[in-house]
Trainee: 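There's a structure below that I have some questions on.
If you're wondering where the values come from, they're calculated on a predicted model, not measured in any experiment. Count residues from 1 along the sequence.
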Amino acid sequence: MNTRTPIETPSATVVLSIAFNDDCSCFAVGLNTGFCIFHSETCSLRTARDFNAGVGLVQMMGKANYVGLVGGGRQPKFAANKLIIWDDLKSKAALEISALTPVRGVQLSKEHIVAVLQNSVRVYKFAKPPNLLSAYETANNPWGLCCLSPKRLAFPGRTTGHIQLVELATGSVSIIPAHTSAVKAIQLSPDGELLATASETGTLIRIFATSSCARLAELRRGIDPATIFSLAFNPSGTLLACTSDKSTLHIFDVPHPSKRAGGRQQQNTPFQQQFQQQQTQSQGQNGGPSDGGPGGDGRGKWGILSKIPMMPRMFSDVYSFASAPFEVDDNNGEESSSSGGGGGGVNISGLLPVSESTTLGTTKPPKGVIGWVGEDTLLVVGAGKDARWEKFVVREASDGRRLCVREGWKRYLAGP
């Protein structure tokens with residue numbers, strides 16, 4: 001009888017990457033065997049493609065049949081420096097873009113293909129063959145950070161902590177000095193009017209107006225450093241969700257011009273005036289505004305301490321008005337070989353390539369990727385072997401406070 005321990009156990013299906021489409025109606029996952037697309041609201045399988053090889057990145061183009069693919073995992077389907085535009089209707093590659101270095105991120109629209117490399121971003125016209133429109137140098141960007149809206153493109157600048165904001169129609173570039181340390185997460189609101197950023201420190205989230213590059217708000221996730229996994233605005237851009245390696249989902253009010261936040265009109269109301277007062281005080285001194293606020297708005301977390309002059313700034317900062325735990329298991333998956341985390345939005349948040357030679361999908365799998373499916377309903381999706389879909393709802397309690405409640409969860413690789 002053979003009692004020897006097998007050198008390798010049979011390979012299980014492992015999720016290597018996660019990305020929502022532009023309206024978060026679907027999410028796509030790259031697997032060590034191919035890729036799948038799920039309906040977000042129900043977490044039901046829409047498409048499955050078995051390549052018997054790994055896909056490290058998958059990016060949908062809305063609900064169209066075109067999907068951006070980059071090879072990954074221990075046995076990649078495609079070379080690391082190739083971006084494949086897959087026509088799922090015909091089940092074959094429609095376009096191919098080759099780069100000199102590995103592709104770290106992908107963004108797609110009907111007009112543009114954006115290939116994110118370790119130290120540059122290349123914008124192509126969606127055509128056959130793809131036509132290179134522009135190329136931009138960036139600081140080291142191993143997480144492939146990049147966000148695309150109908151009018152704007154945002155990605156790290158050439159200086160650490162800076163953001164480049166490109167107007168797609170004119171090609172004009174604005175530089176936003178967002179942080180002093182490296183940027184770890186960026187996200188544009190659905191209308192492209194707001195930009196949220198977080199650094200590697202992970203304690204503060206900053207909100208900028210893309211029309212003027214002015215800083216509108218500074219939100220505090222917490223006091224201890226953390227790795228930000230994902231940032232996401234709700235459809236109206238009035239709420240921002242954040243996940244980190246602290247296994248906590250935070251929900252913040254966002255001061256979007258002329259729109260409603262948390263069900264309250266933001267213009268010319270005490271709520272908006274209080275938000276602006278707090279931002280002015282927290283940026284210029286350590287004093288804070290009055291505590292409390294309508295509906296649990298994240299102010300007054302420290303009570304009377306926020307009113308005492310010369311106290312540390314954390315006592316007067318704006319915190320999330322609601323939070324909830326989400327699942328972050330310690331199982332890094334079959335493909336894992338190092339620790340890391342955090343990106344933003346729809347890119348490889350959680351995967352941490354440590355150098356240009358690191359293959360996508362061979363580091364810690366992404367967790368906590370956020371997608372809003374309604375004004376007050378959002379999903380948090382994780383990768384790895386124990387890949388989970390979790391649904392959360394923001395609702396008002398009987399005492400007027402707003403809460404974030406988990407309504408359900410599912411291991412989506414397990415099937416119905």
Trainee: Ignoring hydrogens and angles, write down the donor-acceptor pairs under 3.5 Å from the side chains of residues 154-164, residues two or more places apart or on other chains.
Mentor:
unit_1 : atom_1 : unit_2 : atom_2 : d
Gln164 : NE2    : Glu137 : O      : 2.8
Gln164 : NE2    : Pro156 : O      : 3.3

Trainee: Among Ile18, Thr47, Leu45, which residue meets the side-chain contact (heavy atoms from CB on, under 4.5 Å) test with Phe38?
Mentor: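 Going through Ile18, Thr47, Leu45 one by one, the side-chain contact (heavy atoms from CB on, under 4.5 Å) with Phe38 is satisfied by Leu45 alone.
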
Trainee: Check this for me: Asp399, atom CG, are more than 12 non-hydrogen atoms of other residues, nucleotides or ligands nearer than 6.0 Å?
Mentor: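 More than 12 heavy atoms, drawn from other residues, nucleotides or ligands, come within 6.0 Å of this atom.
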
Trainee: Students often mix this up, so state it plainly: with edges at 30° and 60°, are the rings of Phe27 and Tyr412 parallel, tilted or perpendicular?
Mentor: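 Phe27 vs Tyr412 ring planes: perpendicular.
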
Trainee: Which side-chain N or O atoms in residues 144-152 pair as donor and acceptor under 3.5 Å with protein atoms at least two apart or in another chain?
Mentor:
unit_1 : atom_1 : unit_2 : atom_2 : d
Ser149 : OG     : Arg152 : N      : 3.0
Ser149 : OG     : Arg152 : O      : 3.3
Arg152 : NE     : Glu167 : OE2    : 2.8
Arg152 : NH1    : Gly192 : O      : 3.1
Arg152 : NH1    : Glu193 : OE2    : 3.4
Arg152 : NH1    : Thr210 : OG1    : 3.4

Trainee: List the atom of Cys26, the atom of His39, and the distance in Å for their closest heavy-atom pair.
Mentor: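 Closest pair (atom of Cys26, atom of His39, distance): SG-ND1, 4.2 Å.
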
Trainee: I would like to know whether Phe321 and His250 meet side chain to side chain contact (heavy atoms under 4.5 Å, CB included); could you show each step before the answer?
Mentor: CA-CA 8 Å; Phe321 67 79; His250 292 274; over 6 Å; no

Trainee: Output, in order, the C-alpha distance, side-chain angles, deciding distance and verdict of side chain to side chain contact (heavy atoms under 4.5 Å, CB included) for Phe20 and Val369.
Mentor: CA-CA 9 Å; Phe20 284 89; Val369 181; 4.0 Å; yes

Trainee: Classify the ring geometry between Phe51 and Phe78 as parallel (under 30°), tilted (30 to 60°) or perpendicular (over 60°).
Mentor: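 Plane angle over 60°, so perpendicular.
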
Trainee: Are Phe126 and Tyr66 close enough that their ring centers fall under 6.0 Å?
Mentor: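 Ring centroids of Phe126 and Tyr66 are less than 6.0 Å from each other.
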
Trainee: How close do Tyr124 and Pro130 get, heavy atom to heavy atom, and via which atoms?
Mentor: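 Heavy-atom minimum between the residues: CD2-CB, 4.1 Å.
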
Trainee: Is a donor from one side chain sitting under 3.5 angstrom from an acceptor on the other, for Thr138 and Tyr136?
Mentor: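 No, because no side-chain N or O of Thr138 sits under 3.5 Å from a partner of the opposite role on Tyr136.
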
Trainee: Test your reading of the model: is there a side-chain donor-acceptor pair from Trp372 to the backbone of Ala232, 3.5 Å cut-off?
Mentor: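 Indeed, once roles are kept as given, a pair shorter than 3.5 Å links the two residues.
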
